[in-house]
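Just so we're on the same page: letters track the sequence lines, and every chain starts at 1.
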Amino acid sequence: MPELPEVETVVRDLREPLVGRCFRSVTCGPHALRGGRLDEVRKSSRGKNVRSVERRGKWIIIDLDGAFLLVHLGMTGQLTVTSAKAPRQNHTHVTWILDAGDTELRFRDIRRFGGVYFFKSRQNLDAHFEKSGLGPEPFDMDPAYWRACLAKTSRSLKAILLDQRVVAGVGNIYADESLFEAGLSPTLLGKNVSSRQADCLRRAVATVLRRGIDKRGSSIRDYVGGSGLLGTYQDEFRVYGRAGEPCRRCRMSIARIRLAGRSTHFCPKCQKR
DNA sequence: ACAGGATCCTGGGGGC
DNA sequence: TGCCCCCAGGATCCTG
């Protein structure tokens, strides 16, 4: 579910209520998550103070007195701050009770593809990202690096955009929307695009992600921001989820194919192949 | 090197 | 109402 704009929205929402507060106690549900060890998270984050809440790609990073809580939302993850009085929803796997006891940070994840990790130090955190080979943030990506990434591979543009080692934070929705914005077919091979087209796509990705952030992300099924609010970028999709509907630019029917293992939406007329 | 499929899960929607 | 099938903002592993 959540891609960069959704994760960025969560992080911005969590800062105000969390920074400077202390996790007085932590409770966990009975289910294991796909990523992380919940008992370790529970024991280690108890009693710590929140210094900052940041984002890297699709990862949420919470600085706890120099140790780090790392959260990935997977497909259906929700990380929200709510009143302790609000009834706990099903599929809530971790609850951090804040110092005053009237407020809670909750991690809920219906499909349990997400993960919550604890790292003792900045070095351990960096090692985690190093090991996964996480690529650069899309907003300050070096143009030459991006051109080289495309030029050296015969993978499709769609597959490249989804690869977190090339660029961090893009997922299925924003990949499709970026390719429409750039006027390039998702099936084009990296090695076959010109440097001009590569530059165009790089800018399109940044543009589309910024639009997503401005609208507080896309709420299709399960996504909510850190305060529980829905995003509205889904109302502005040009291609994602619009198969069979007319292209907003040329009225041609939007196509849907399976590519890089994901459903892929594009305008056959506006997007060059 | 790359595509495609299966896998981890739960739930919603459509067809019958 | 029930059942079966397909689908889903992610990521990883295996096969051909």
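Closest to the A:K58 side chain, of the nucleotides C:dA8, B:dC2, C:dA11, is C:dA11. Side chain of A:R34, nearest nucleotide from B:dC8, B:dA1, B:dA3: B:dC8. Comparing atom distances between the A:H91 side chain and each of B:dT10, C:dG10, B:dC2 picks out B:dT10 as nearest.
In this structure, A:Q164 reaches the C:dA11 phosphate: one of its side-chain N or O atoms is under 4.0 Å from OP1 or OP2. Within the structure, a side-chain polar atom (N or O) of A:S263 is placed less than 4.0 Å from OP1 or OP2 of C:dA8. A sub-4.0 Å separation between OP1 or OP2 of B:dA3 and a side-chain N or O of A:R262 is absent. Not one side-chain nitrogen or oxygen of A:H31 sits closer than 4.0 Å to the OP1 or OP2 atom of B:dT10.
Both geometric conditions, a ring-centre gap below 5.5 Å and a plane tilt below 30°, are fulfilled for A:F113 over the base of B:dC8.
Side-chain polar atoms of A:T264 and A:K158 form a donor-acceptor pair below 3.5 angstrom. A donor-acceptor contact closer than 3.5 angstrom is absent between the side chains of A:Y240 and A:S218. Of the N and O atoms on the side chains of A:Y223 and A:E3, not one donor lies less than 3.5 Å from an acceptor on the other residue.
Going from the P atom of B:dT10 to that of C:dT1 covers 23 Å, rounded to whole Å. Separating the P atom of B:dA1 from that of C:dG10 is a span of 25 Å, rounded to the nearest Å. The P atoms of B:dA6 and C:dC6 are separated by 11 Å, rounded to the nearest whole Å.
If you measure from atom CG of A:L259 to atom C1' of B:dG4, you get 11 Å, rounded to the nearest angstrom. Remark: C1' of C:dG10 and CD1 of A:I173 are 12 Å apart, rounded to the nearest angstrom. The distance from atom CD1 of A:I160 to atom P of B:dC2 is 8 Å, rounded to the nearest whole Å. Distance, A:R111 CZ to C:dA8 P: 10 Å, rounded to whole Å. In this entry the distance linking CG of A:N172 with C1' of C:dA8 reads 10 Å, nearest Å. One can place CZ of A:R258 at 6 Å from P of C:dC7, the figure rounded to the nearest angstrom. Look at CD on A:Q89: it is 17 Å from P on B:dT10, rounded to the nearest Å. The separation between A:D222 atom CG and C:dC7 atom C1' is 13 Å, rounded to whole Å.
Under the 4.0 Å criterion applied to side-chain N and carboxylate O atoms, A:R211 and A:E177 are not assigned as salt-bridge partners. Ion pairing of A:K215 with A:E236 is present here, as a side-chain N (NZ or NE/NH1/NH2) and a carboxylate O approach within less than 4.0 Å.
Heavy atoms of A:R112 sit under 4.0 angstrom from primed sugar atoms or phosphate atoms, though from no base atom. Here A:Y174 lies out of heavy-atom contact (under 4.0 Å) with every strand. Among the heavy atoms of the strands, none lies under 4.0 Å from A:G261. Using a 4.0 Å heavy-atom criterion, one finds that A:H72 contacts the sugar-phosphate atoms exclusively. Contact annotation for A:R256: backbone-only contact, meaning every heavy-atom pair under 4.0 Å involves sugar-phosphate atoms and none involves a base. A:I110 comes within contact range of the sugar-phosphate backbone alone, with a heavy-atom separation under 4.0 Å but no base atom that close.
A:R155 contributes no side-chain N or O that forms a donor-acceptor pair with the base of B:dA1 under 3.5 Å.
The line from CD of A:Q123 to CZ of A:F68 is 9.0 Å long, rounded to the nearest 0.5 Å.
For B:dC9, there is no paired nucleotide, since no Watson-Crick or G-U wobble pair has both relevant distances below 3.5 Å.
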In sequence, state the C-alpha distance, the side-chain angles, and the governing distance for A:L125 and A:L70, and then conclude on side chain to side chain contact (heavy atoms under 4.5 Å, CB included). CA-CA 8 Å; A:L125 178 70; A:L70 194 58; 3.9 Å; yes

